[in-house]
Amino acid sequence: MIRYIIRRLLISIPLLLVASFLSFLIVGSIGDPLADLKAKPGMTPEKVHDIAVSMGLDKPLIARYFDWLGNFFKGDWGNSIALGQAGADVYTSVMQALWITARLVVGAEILAIIIGVAVGVLAAVKQYSIFDYLATSAAFLMFSMPVFCVAVVLKTYGIRFNNVLTSMGMDRWISTVSPASGGFQGSFGEVIFKYTGTYILPTITLMLISFAAYSRFQRASMLETLNSDYVRTARAKGLSQRRVVFRHAFRNAMIPVTTLFSLNAAALFAGAIITENVFGWHGMGQLLVASVRGRDPYMLMGWLMVTASLVILFNLVADIMYGILDPRIRLG
Amino acid sequence: MANPISGNPLQPSSSPGVALDPEAGERISEFDATKARKQSTLILRRFFRHKLAVASLIVFLLIVIFGFLGPFFWSVSVDDATGGRYETPSGAHPLGTTQIGKDMLAQLIRGTRLSVQIAIVVALGSTFVGVVVGAVAGYLRGFIDSALMRLVDLLLVIPQIAVAAILIRAFQGSWYTVALILAAFGWMQVARISRGETLSLSAREFIEASRASGAGTPWIVFRHLIPNMIGSITVNATLAVATAVLAEAALSFIGLGVQPPDTSLGLIVSENYSQVEERPWLFWGPFVIIVLLSLAVNFIGDGLRDAFDPRQTKVRA
């Protein structure tokens, strides 16, 4: 297993390298990063040229790529060029943003898997029951719903829950702003209160979108296993319904769902970008939007490399789970 | 590339071949034509038995009619900003006006049209590229297969939304720039699916027979493999429309997709969602159309899947 993981990680290095080159070409096409600077009053062509030279922007794209790559491995991810974030260190900015997004995404994804799988299994076991119809239609609706619509609706109506709370004599709980950068202050209870209040709406938003995919997939996969021969055999030899469902069907029905976990990684990030936008969080989403607007090449490269690595990591985790769930698949 | 065997009557959807003997060719194509019509009538009949899918088709057509024929019935121009700021709905402006005094109904009509246009171009483009890449990779195997599949892996590693946002910013253009960029980074899943199907199809005898009679790769890919995958291609293309509607809406929502003065459903939501409580009519119009569009297309896809393959009636994930 360890050997397998190491080999997979080694394989992903060339993949990341090629991805970085492709990303550099794409980012390089975005146009002159100094365009905004040139338009600034009091900027002479000489000054702009000096800045361009100091940032290495006068060199051809390929040369710039290798400069960037060398520095990247040394841990120097470059500095932001865009005016708004002038000079900000890319590594610190991306990691700060990632930390904010990761706390949101991880919680939402775990909740989505647990609830989605549970609902999917239940809907399959009780096929054509009212619960099944409700769960299937809810999943279908969420599946067709753009993330921002869910976010906007939750933000608008979720905040009203505060009115219910205040009318009951409690403090306002739900908040629709980014978590404070310095962390939450106060006693333990207060921190929990503020933490949950800030996270609840964005988490629900992201969770609902992923939940739809998981429950649909789990239901389909569970139905297929429940109708398979070995489950019939298990029933025939007199095992209890619970044992059949959980020991025989469930474990096997989980296998296809792990592929969804890795496929979902990129979609999850896209969802997080939108959710952060609506709730005004300063995570990866805001960073992407700001960097694209400001034509900020090194910030974008840092962003793309981090997300590309994460997608590769998600794929690896999914493959390892595959191996754990299905002993027929030998990793190594 | 004469190839009489391609009109194999056992293969329901394979297209008529160009026969050496004109008479034989006529006979084969005639036979095939009736056979093909029968198959498609069957599929259509199965599709029209699926009530939800038919209702969805009607909803989809109504949305398309609204977007494309709307301007003929609603004379207020989309660029006409002479209305007041945030007017409430009235006879002159049934859905009110926007912040800069544009008629909301006209905006909605234009936004619907652009979103539908983009979604359809993305679906067609990504399906075409994906199917061709998948079929070529699965048929040729070997080096080309691994090279193309590594390319798929590579493109799947970089988040589509980010790349699309960067490229749209780079090649600022109108709606078709957005559509082409989304298509260029959205074909990978289709390629994987059609590669898998090609692998199993190319092991079948009729492909071997065609190859034995001297057919080249393009002939086999375009005349045998792709026509036999038409069911899954159609279903996936339909579902790609739904994905594209959401992708375009998401990009335009964060301001990195369709750019003003053009407008799309996502952009309209983005510009007006802050008004959801004071002026709900500005938000719910585009909201309902996006959700209906995506729901309808998903249901049509499910109906088509059942129609093409009645054995496989399971939920799509």
Side-chain angles (χ1 to χ4, degrees), chain A residues 12 15-16 18-19 22-23 26-31 136 139-141 143-149 151-153 155-156 213-221 223-224 256-257 260 263 265-267 269-271 273-274 277-278 285 288-289 291-293 295 300 303-304 307-309 311-312 315, chain B residues 52 150-151 153-172 181 185 189 242-243 245-256 265-266 269-270 272-274 276-277 280 283-284 286-288 290-299 302 314-317:
Chain A
S12 54
L15 183 63
L16 261 181
V18 183
L22 184 68
S23 306
I26 292 169
V27 170
S29 73
I30 203 167
T136 315
F140 213 107
L141 185 66
F143 197 76
S144 311
M145 192 88 94
V147 186
F148 56 82
C149 288
V152 168
V153 170
K155 185 182 175 181
T156 313
Y214 280 114
S215 71
R216 285 167 63 85
F217 211 82
Q218 180 70 50
R219 178 177 178 274
S221 154
L223 279 178
E224 212 172 301
V257 179
L260 188 61
L263 282 180
F269 258 97
I273 290 171
I274 308 292
N277 192 292
V278 173
L288 176 75
V289 174
S291 310
V292 170
R293 288 240 168 89
R295 300 172 198 267
L300 284 172
W303 196 97
L304 287 172
T307 40
S309 317
V311 171
I312 290 177
N315 287 336
Chain B
L52 200 53
R150 290 298 83 72
L151 178 68
D153 290 346
L154 173 68
L155 290 178
L156 281 174
V157 159
I158 311 172
Q160 186 203 19
I161 189 169
V163 177
I166 295 171
L167 286 176
I168 290 168
R169 176 90 165 115
F171 302 101
Q172 280 158 335
I181 289 170
F185 288 89
Q189 290 300 347
T243 320
V245 167
L246 297 187
E248 181 277 321
L251 267 177
S252 300
F253 180 78
I254 53 173
L256 301 175
L265 293 173
V269 172
S270 154
N272 295 300
Y273 81 85
S274 57
V276 57
E277 283 192 282
F283 171 75
W284 291 104
F287 175 96
V288 168
I290 294 177
V291 175
L292 275 183
L293 201 55
S294 155
L295 261 181
V297 175
N298 273 325
F299 278 130
D302 274 13
K314 57 180 184 184
V315 195
R316 186 179 49 84

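Each chain gets a letter, A, B and so on, in the order the sequences are listed, and its residues count up from 1.
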Check: So what's closer than 4.5 Å to chain A heavy atoms on B:Ala242: side chain, backbone, both or neither?
Finding: neither
Next item on the list: Could you tell me which of A:Leu304, A:Val257, A:Thr156, A:Val147 has the largest number of non-hydrogen atom pairs under 4.5 Å with chain B?
Entry: A:Thr156
Check: Tell me, do B:Val291 and A:Leu141 make a side-chain contact under 4.5 Å, heavy atoms counted?
Finding: yes
Notebook entry, point to check: Where does A:Leu15 contact chain B at under 4.5 Å (heavy atoms): side chain, backbone, both or neither?
Noted result: both
Notebook entry, point to check: With respect to chain B, which residue among A:Ile26, A:Val311, A:Val153 yields the maximal number of heavy-atom pairs within a distance under 4.5 Å?
Noted result: A:Ile26
Note to self: Taking side chain as everything from C-beta outward and backbone as N, CA, C, O, which of these in A:Leu16 sits under 4.5 Å from a heavy atom of chain B? Side chain, backbone, both or neither.
What the structure shows: neither
Item checked: A:Val292 to B:Ala165 - nearest heavy-atom pair and separation -> CG1-O, 3.7 Å
Checklist line | Residue pair B:Pro159 / A:Trp303, side-chain heavy-atom distance below 4.5 Å | finding: yes
Note to self: Within the structure provided, determine whether B:Phe287 and A:Val152 are in side-chain contact (heavy-atom separation under 4.5 Å).
What the structure shows: no
Next item on the list: Pick whichever of B:Ile168, B:Leu155, B:Ile290, B:Val297 has the most heavy-atom pairs under 4.5 Å with chain A.
Entry: B:Ile290
Next item on the list: Select one option (side chain, backbone, both, neither) describing which atoms of B:Phe171 are under 4.5 Å from chain A's heavy atoms.
Entry: side chain
Notebook entry, point to check: Under a 4.5 Å heavy-atom cut-off, does chain A meet the side chain of B:Gln160, its backbone, both or neither?
Noted result: neither
Next item on the list: Could you check which of B:Leu293, B:Ile166, B:Asp153, B:Ile161 has the highest count of heavy-atom pairs closer than 4.5 Å to chain A?
Entry: B:Ile166
Margin query: If I take atom CD1 from residue A:Ile274 and atom CG from residue B:Leu251, how far apart are they, to the nearest 0.5 angstrom?
Written below: 7.5 Å
Checklist line | Trace of the side chain to side chain contact (heavy atoms under 4.5 Å, CB included) decision for B:Phe253 with A:Val278 | finding: CA-CA 10 Å; B:Phe253 180 78; A:Val278 173; 3.6 Å; yes
Notebook entry, point to check: Which heavy atom of B:Leu246 sits nearest a heavy atom of A:Ser144, and at what distance?
Noted result: CD2-O, 3.8 Å
Checklist line | Shortest non-hydrogen separation from A:Ala19 to B:Ile158 and the atoms involved | finding: O-CD1, 4.1 Å
